[in-house]
Amino acid sequence: MGCAISGLAAKAEFEERNTDDGAAVHLTQDHIQMIKESWKVIRDDIAKVGIIMFVRLFETHPECKDVFFLFRDVEDLERLRTSRELRAHGLRVMSFIEKSVARLDQMERLEALALELGKSHYHYNAPPKYYSYVGAEFICAVQPILKERWTAELEEAWKTMFQYVTGLMKQGYQEESNRQQHLAASPKEKPDKRNTAL
């Protein structure tokens, strides 16, 4: 089953629209309201959406499996659909999306959450180029759940939220990368050997 965004040109447009600076993306009150209303329906199927999202991600971008040690060598997508590990990871991602939706009225808290996630992804060796893929696959996974509720305006709202969040994640990843490079380049602090005793 395809989705409106599944055409290569449309997906590429979604992925390229992601800016490096999440703050440059503007979520309107209409966006926030539409996202929150649709989330009430989506959350009833979060485990299902998480699995569909990642199976589709590995179908459309098989190189993403390299980031996931547990799924790296799994070729059988049916095995992935029934994987407890994939279900658990899908639920973690859906939990992050749920927290993001809950913080849409508290942008400073959403910003802190996304920056922290980006920093942790540096340590998972999950490069920023993959972040926007998840948003595109999320949109494809939720369309059949929302059925007639899905509109071009709702799609635009979700795209905008993912662009905002992934832009901040990329920023967090870069901050952590810079911090790690600085730590590696800094001379180790050596204790002062001068005798300070009286």
Considering only heavy atoms from C-beta outward, does the side chain of [X] approach that of [Y] to under 4.5 Å?
X    : Y    : answer
M169 : L115 : no
R87  : S83  : no
E63  : Y133 : yes
I97  : F162 : yes
F138 : L57  : no

Report task. Kindly determine whether E175 and Q171 satisfy side chain to side chain donor-acceptor pair (under 3.5 Å), including the steps that lead there. Result -> CA-CA 6 Å; E175 286 175 11; Q171 184 182 327; 3.3 Å; yes

Query raised in the report: Out of curiosity, does M94 fall in the hydrophobic cluster containing V142 (side-chain heavy atoms, cut-off under 4.5 Å, transitive links)?
Result: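 Same cluster: V142 reaches M94 through Ile, Leu, Val, Met, Phe, Trp or Tyr contacts under 4.5 Å.
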
What distance separates [X] [atom1] from [Y] [atom2], expressed to the nearest 0.5 Å?
X    : Y    : atom1 : atom2 : value
Q143 : I52  : CD    : CD1   : 12.0 Å
R149 : K147 : CZ    : NZ    : 8.5 Å
Y131 : C64  : OH    : SG    : 11.5 Å
L110 : Y164 : CG    : OH    : 5.5 Å
Q29  : L104 : CD    : CG    : 9.0 Å
E155 : C140 : CD    : SG    : 8.0 Å

Is the number of heavy atoms from other residues, nucleotides or ligands under 6.0 Å of [X] [atom1] greater than 12?
X    : atom1 : answer
K36  : NZ    : yes
R103 : CZ    : yes
R81  : CZ    : yes

Closest approach of [X] and [Y], non-hydrogen atoms and distance?
X    : Y    : answer
E153 : M34  : O-CE, 3.7 Å
A126 : V67  : CB-CG1, 3.5 Å
L27  : A157 : CD2-O, 4.1 Å
T166 : S132 : CG2-N, 4.3 Å

Query - Listed once per pair and sorted, the ring-ring contact (aromatic ring centres under 6.0 Å, His included) pairs that draw on residues 80-107, sequence neighbours left out - result: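 Pairs touching residues 80-107 that pass the test: F54-H89, F68-H89.
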
Query raised in the report: Does the pair E156 and H31 meet the rule for a side chain to side chain contact (heavy atoms under 4.5 Å, CB included), with working shown?
Result: CA-CA 8 Å; E156 186 60 32; H31 286 148; 4.3 Å; yes

**Report entry** Trace of the side chain to side chain contact (heavy atoms under 4.5 Å, CB included) decision for I51 with T82
**Finding:** CA-CA 9 Å; I51 290 169; T82 58; over 6 Å; no

Report task. For the pair V55 and L86, evaluate side chain to side chain contact (heavy atoms under 4.5 Å, CB included) and give the outcome as yes or no after the intermediate values. Result -> CA-CA 9 Å; V55 169; L86 185 65; 3.9 Å; yes

Check residues 118-125 and write down every donor-acceptor pair under 3.5 Å in which the side-chain atom is one partner and the other belongs to a residue at least two apart or another chain.
residue, atom, partner, partner atom, Å
S120, OG, L117, O, 2.8
H121, ND1, L117, O, 2.9
H123, NE2, E176, OE2, 2.8

Requested in this report: Would you tell me whether S38 and W158 have side-chain atoms, one donor and one acceptor, within less than 3.5 Å of each other?
Outcome: yes

Query raised in the report: Tell me, which pairs form a salt bridge (charged side-chain N to carboxylate O under 4.0 Å, His left out) where one or both residues lie in residues 37-55, sequence neighbours left out?
Result: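 Every salt bridge (charged side-chain N to carboxylate O under 4.0 Å, His left out) pair that includes a residue of residues 37-55, provided the two are not neighbours, is E37-K40.
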
Report summary line: Tested for side chain to side chain donor-acceptor pair (under 3.5 Å) against N178, the lone hit among Q174, Q180, H182 is Q174

